[in-house]
Structures are given as structure tokens and as C-alpha cells.
Amino acid sequence: MTVVDHQAHAVREPDAILRVPTAQIALSTASVYPESTASAFEIASRLGYDGIEVMVWTDRVSQDTTALRYLSDHYGIPILAIHAPCLLITQRVWGSDPWAKLRRAQRMAEAVGASTVVVHPPFRWQREYARGFVEGLQRMREETDVKFAVENMFPWRARGREMEAYAPGWNVLDEDYDHYTLDLSHTATARNDALAVAKAMGERLAHVHLADGTGSSKDEHLVPGRGTQPCAELLELLARQEYSGSIVLEVNTRRVSREQREADLAEALAFTRLNLAAAMEVPERR
């Protein structure tokens with residue numbers, strides 16, 4: 001008979017223990033685009049997600065700390081992370097000074113109780129920002145408990161050619177960051193070994209963007225299980241390591257109906273819960 005030990009978060013089988021870590025599974029508000037930030041809270045609550053990552057973008061609610069706290073309280077969904085506005089499409093959100101934007105993201109995270117700010121490496125044309133990026137993040141880290149988790153990126157490709165769009169570089173492992181975000185859609189586009197990247201990040205892996213990809217030059221953000229990335233294997237690895245950070249579903253649903261969007265997000269959550277476990281051998285009885 002199978003026995004469930006709720007306190008240990010384990011399922012006991014005759015010869016194994018299925019260990020499930022305490023990591024929380026969150027929904028990125030980017031996953032409901034073109035729907036609103038408010039819609040993401042409602043959908044996350046109804047589907048049973050543990051929390052939300054807020055992508056700060058042109059939606060005014062995503063930029064408003066008071067509105068976000070209201071939504072979190074109203075739906076009973078904690079905000080686990082803030083994604084700073086560092087995408088191409090958010091270059092003018094919160095102004096044009098990248099350090100001011102990071103500090104504003106930090107203040108927002110502190111105000112809503114989020115433990116992490118997700119940030120991308122600078123673009124190459126942000127020369128002054130890029131020159132002081134690594135040291136600047138280290139200084140900010142000393143001023144707050146919020147983690148600045150730098151996300152792995154990828155080279156831009158077009159017509160068979162590659163372009164380095166980021167500085168110091170798209171490969172965040174080349175720099176001495178305190179914390180990392182691992183994005184599996186990005187490892188697909190970069191054609192990296194996602195498990196090797198996760199292992200190299202080690203204890204500095206603070207945050208995960210779970211999505212899938214096929215190795216296309218496009219950043220696909222597929223529902224986990226629909227591409228070639230080792231999504232299930234990564235989740236099992238995290239379980240074995242008793243990972244305690246957040247796992248955020250950041251998937252692309254922009255070209256589907258509302259009904260299909262919710263079905264995709266429910267599937268993504270089920271996939272993550274099912275695979276976020278690791279079998280551990282039970283010692284032989286004497």
C-alpha cells in the first residue's frame with residue numbers, strides 16, 4: 001500500500017520515497033498576454049497556482065504597487081517575483097535609466113513581499129550600464145534581502161548569422177552573479193544543455209522560468225512537454241537537490257482563445273506538479 005507522509009512531503013512506496021521539494025509554482029503574468037495583469041491573478045487563483053510573477057510592462061496595473069497588493073489580497077495569490085522592465089518592448093517603461101528601473105523594481109518587490117527581481121543582462125548599446133552591471137548588482141544586493149536573479153539569454157540569429165546583443169554577454173555563467181534565473185526556452189534558443197547549465201549555476205540558481213522550445217532561432221516559450229527541452233528531467237533534478245526557489249510558468253498563449261489559454265496553463269501546472277519529484281531509495285530493513 002502507498003502511504004502519504006504529509007509533513008515530510010513524501011509518498012512512500014514499498015522500495016522508494018517520492019520526495020517533493022517546497023518550491024512554489026507560479027504563473028507569470030506574461031503567460032496570459034494579451035490579457036491583463038489582473039486577469040493573470042484571477043486565472044492563477046482559479047487553476048491553483050501557488051503564486052504570481054509580475055512582468056512589469058505597459059499595462060499600468062503591472063507598474064502600480066498599490067494595485068498589485070490589492071489583486072494579491074483579493075485573489076489570495078502571493079507575488080513571488082517582479083520581472084524588471086528590461087525587454088526591448090519595455091525600454092521606456094519607468095523611464096530610460098536602467099539603474100532607476102532596477103531600484104524601482106526592488107522597492108516594488110519589497111512592498112509586495114516578493115523575494116526576487118528577475119533581470120536580463122544589458123543590451124550592448126547600453127554601454128555605461130553594461131560596464132558597471134556586475135559590480136552594480138553586487139552593491140544593490142548588499143542593500144536588500146531581495147535577490148537580483150540574472151536570466152540566461154541567447155545569441156540573436158538571422159539568415160544564418162549570429163549577433164551578440166547583450167553585454168557583458170548572453171551567457172550569464174561567464175560572470176560572477178550572486179543569483180541566476182534559468183529559462184528553458186532560452187536554453188533551447190541558445191542550443192545549450194539545460195541540465196548542464198542548471199548544474200553549473202549550482203546554489204546560485206534562485207529562480208526558474210519553465211517553458212519549452214525546439215531549438216528554433218525564435219524564443220518560443222512552449223508549454224512544457226511540447227518541445228525538446230528536458231523540462232521533466234530538470235524538475236526531478238530540482239527535487240533531488242531540494243530546491244526551494246520559485247518555478248514560474250512563462251509560456252506563450254498569445255495566439256489562442258481564452259478557453260485554450262486556460263487549458264494550456266492548466267496543463268503546464270499539472271506537468272510541473274507531476275514531475276517536481278524525485279525517487280529516493282528506502283534503506284533495506286534489517
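What you are looking at is a predicted structure, and each value in this text was computed from that prediction instead of being measured. Note that these values count all heavy atoms, side chains included, but never hydrogens, waters or copies made by symmetry.
To the nearest 0.5 Å, atoms CD (Glu262) and OG (Ser257) are separated by 9.5 Å. The structure places CD of Gln138 at 12.5 Å from CZ of Phe148, a figure rounded to the nearest 0.5 Å. Asn252 CG to Tyr33 OH: the interatomic distance, rounded to the nearest 0.5 Å, is 10.0 Å. Rounding to the nearest 0.5 Å gives a distance of 15.0 Å between CZ of Arg161 and CH2 of Trp156. In this structure, Leu276 CG and Ile247 CD1 are separated by 4.5 Å, a value rounded to the nearest 0.5 Å. In this structure, CZ on Phe271 lies 11.0 Å from CD1 on Ile25, to the nearest 0.5 angstrom.
Counting only distance, with no hydrogens or angles, the side chain of Thr189 and the backbone of Ser217 share no donor-acceptor pair below 3.5 Å. A side-chain donor-acceptor contact under 3.5 Å links Arg141 to the backbone of Thr144. Remark: side-chain polar atoms of Asn275 are not paired, donor with acceptor, to backbone N or O of Ala232 under 3.5 angstrom. Distance alone, capped at 3.5 Å, is enough to place a donor-acceptor pair between the Thr29 side chain and the Met55 backbone. No donor-acceptor distance shorter than 3.5 angstrom exists from the side chain of Ser62 to the backbone of Thr58, with no hydrogens or angles considered. A distance-only check finds no donor-acceptor pair linking the side chain of Lys101 to the backbone of Ala84 [under 3.5 Å]. Checked by atom type and distance alone, the side chain of Ser45 never pairs as donor or acceptor with a backbone atom of Phe41 at under 3.5 Å. Using modelled atom types, one side-chain atom of Thr253 and one backbone atom of Ser31 make a donor-acceptor pair closer than 3.5 Å. Although no hydrogens or angles enter the test, the distance criterion places no donor-acceptor pair under 3.5 Å between the side chain of Tyr75 and the main chain of Pro78. With hydrogens and angles ignored, the 3.5 Å screen pairs no side-chain donor or acceptor of Arg226 with any backbone N or O of Asp212.
By the 6.0 Å contact criterion, CZ on Arg69 is open, its count of non-hydrogen atoms from other residues, nucleotides or ligands being 12 or less. Heavy-atom neighbours of Asp145 CG from other residues, nucleotides or ligands within 6.0 Å: at or below the threshold of 12. The 12-atom threshold is not exceeded at CD of Glu203, counting heavy atoms of other residues, nucleotides or ligands nearer than 6.0 Å.
Side-chain N/O atoms of Glu220 and Thr214 include a donor and acceptor closer than 3.5 Å. Residues Asp59 and Thr37 have side chains that bring a donor and an acceptor to within less than 3.5 angstrom of each other.
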> Between Glu250 and Val118, is a side-chain contact (heavy atoms from CB on, under 4.5 Å) present by the stated rule, with each step listed?
Replying inline: CA-CA 12 Å; Glu250 190 183 68; Val118 179; over 6 Å; no
> Passes side-chain contact (heavy atoms from CB on, under 4.5 Å), Val117 versus His179? Steps please.
Replying inline: CA-CA 10 Å; Val117 168; His179 299 103; over 6 Å; no
> So Tyr180 and Val197, side-chain contact (heavy atoms from CB on, under 4.5 Å) or not? Walk me through it.
Replying inline: CA-CA 10 Å; Tyr180 296 110; Val197 173; over 6 Å; no
>> What verdict does the salt bridge (Lys or Arg N to Asp or Glu O under 4.0 Å) test give for Asp97 and Arg104, after you've listed the backbone C-alpha separation in whole Å, the side-chain angles of each residue and the deciding distance to 0.1 Å?
In response: CA-CA 11 Å; Asp97 180 346; Arg104 190 163 175 178; over 6 Å; no
>> Run Tyr49 and Leu249 through side-chain contact (heavy atoms from CB on, under 4.5 Å) and show every step you take.
In response: CA-CA 10 Å; Tyr49 278 83; Leu249 275 301; 4.0 Å; yes
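Counting only heavy atoms from C-beta outward, the side chains of Gln91 and Phe123 approach each other to under 4.5 Å. Side-chain contact between Cys231 and Leu210 is present, with heavy atoms from C-beta onward closer than 4.5 Å. A 4.5 Å side-chain heavy-atom check between Tyr166 and Glu164 finds at least one atom pair inside the cut-off. Contact annotation: the side chain of Glu162 never approaches that of Trp170 to less than 4.5 Å [non-hydrogen atoms, C-beta and beyond]. The closest side-chain heavy-atom distance from Val248 to Thr181 is not below 4.5 Å. Residues Gln229 and Leu222 have side chains not in contact (no heavy-atom distance under 4.5 Å, counting atoms from C-beta outward). For the pair Val32/Arg261, a side-chain contact is recorded, criterion being any heavy-atom separation below 4.5 Å from C-beta on. Looking at Val172 and Met201, their side chains come closer than 4.5 Å, going by heavy atoms from C-beta outward.
Salt bridge Arg240/Glu236: present, at least one basic N to carboxylate O contact under 4.0 Å. Contact check on Arg258 versus Glu42 returns a salt bridge, with a Lys/Arg side-chain nitrogen under 4.0 Å from an Asp/Glu carboxylate oxygen. Looking at Glu143 and Arg103, a side-chain N of the basic residue comes within less than 4.0 Å of a carboxylate O on the acidic one, giving a salt bridge.
If you chain together hydrophobic residues whose side chains sit under 4.5 Å apart, Leu88 and Phe154 fall into the same group. No single ILVMFWY cluster, assembled from side-chain heavy atoms under 4.5 Å apart, contains both Val20 and Leu235. At a threshold of 4.5 Å between side-chain heavy atoms, the hydrophobic network of Ile, Leu, Val, Met, Phe, Trp and Tyr places Leu87 and Val150 in two separate groups. Taking hydrophobic clusters as Ile, Leu, Val, Met, Phe, Trp and Tyr residues chained together by side-chain heavy-atom distances below 4.5 Å, Leu80 does not share a cluster with Val54. Val251 is not connected to Trp57 by any chain of hydrophobic side-chain contacts under 4.5 Å among Ile, Leu, Val, Met, Phe, Trp and Tyr, and they are in different clusters.
Applying the side chain to side chain donor-acceptor pair (under 3.5 Å) test between His186 and each of Asn192, Asn152, Asp219 identifies Asp219 as the sole match. Evaluated for a side chain to side chain donor-acceptor pair (under 3.5 Å) with His209, the options His221, His83, Glu53 yield exactly one hit, Glu53.
Ring geometry for Tyr70 against His74 counts as parallel: the plane angle stays under 30°, on a 0 to 90° scale with 60° as the upper cut.
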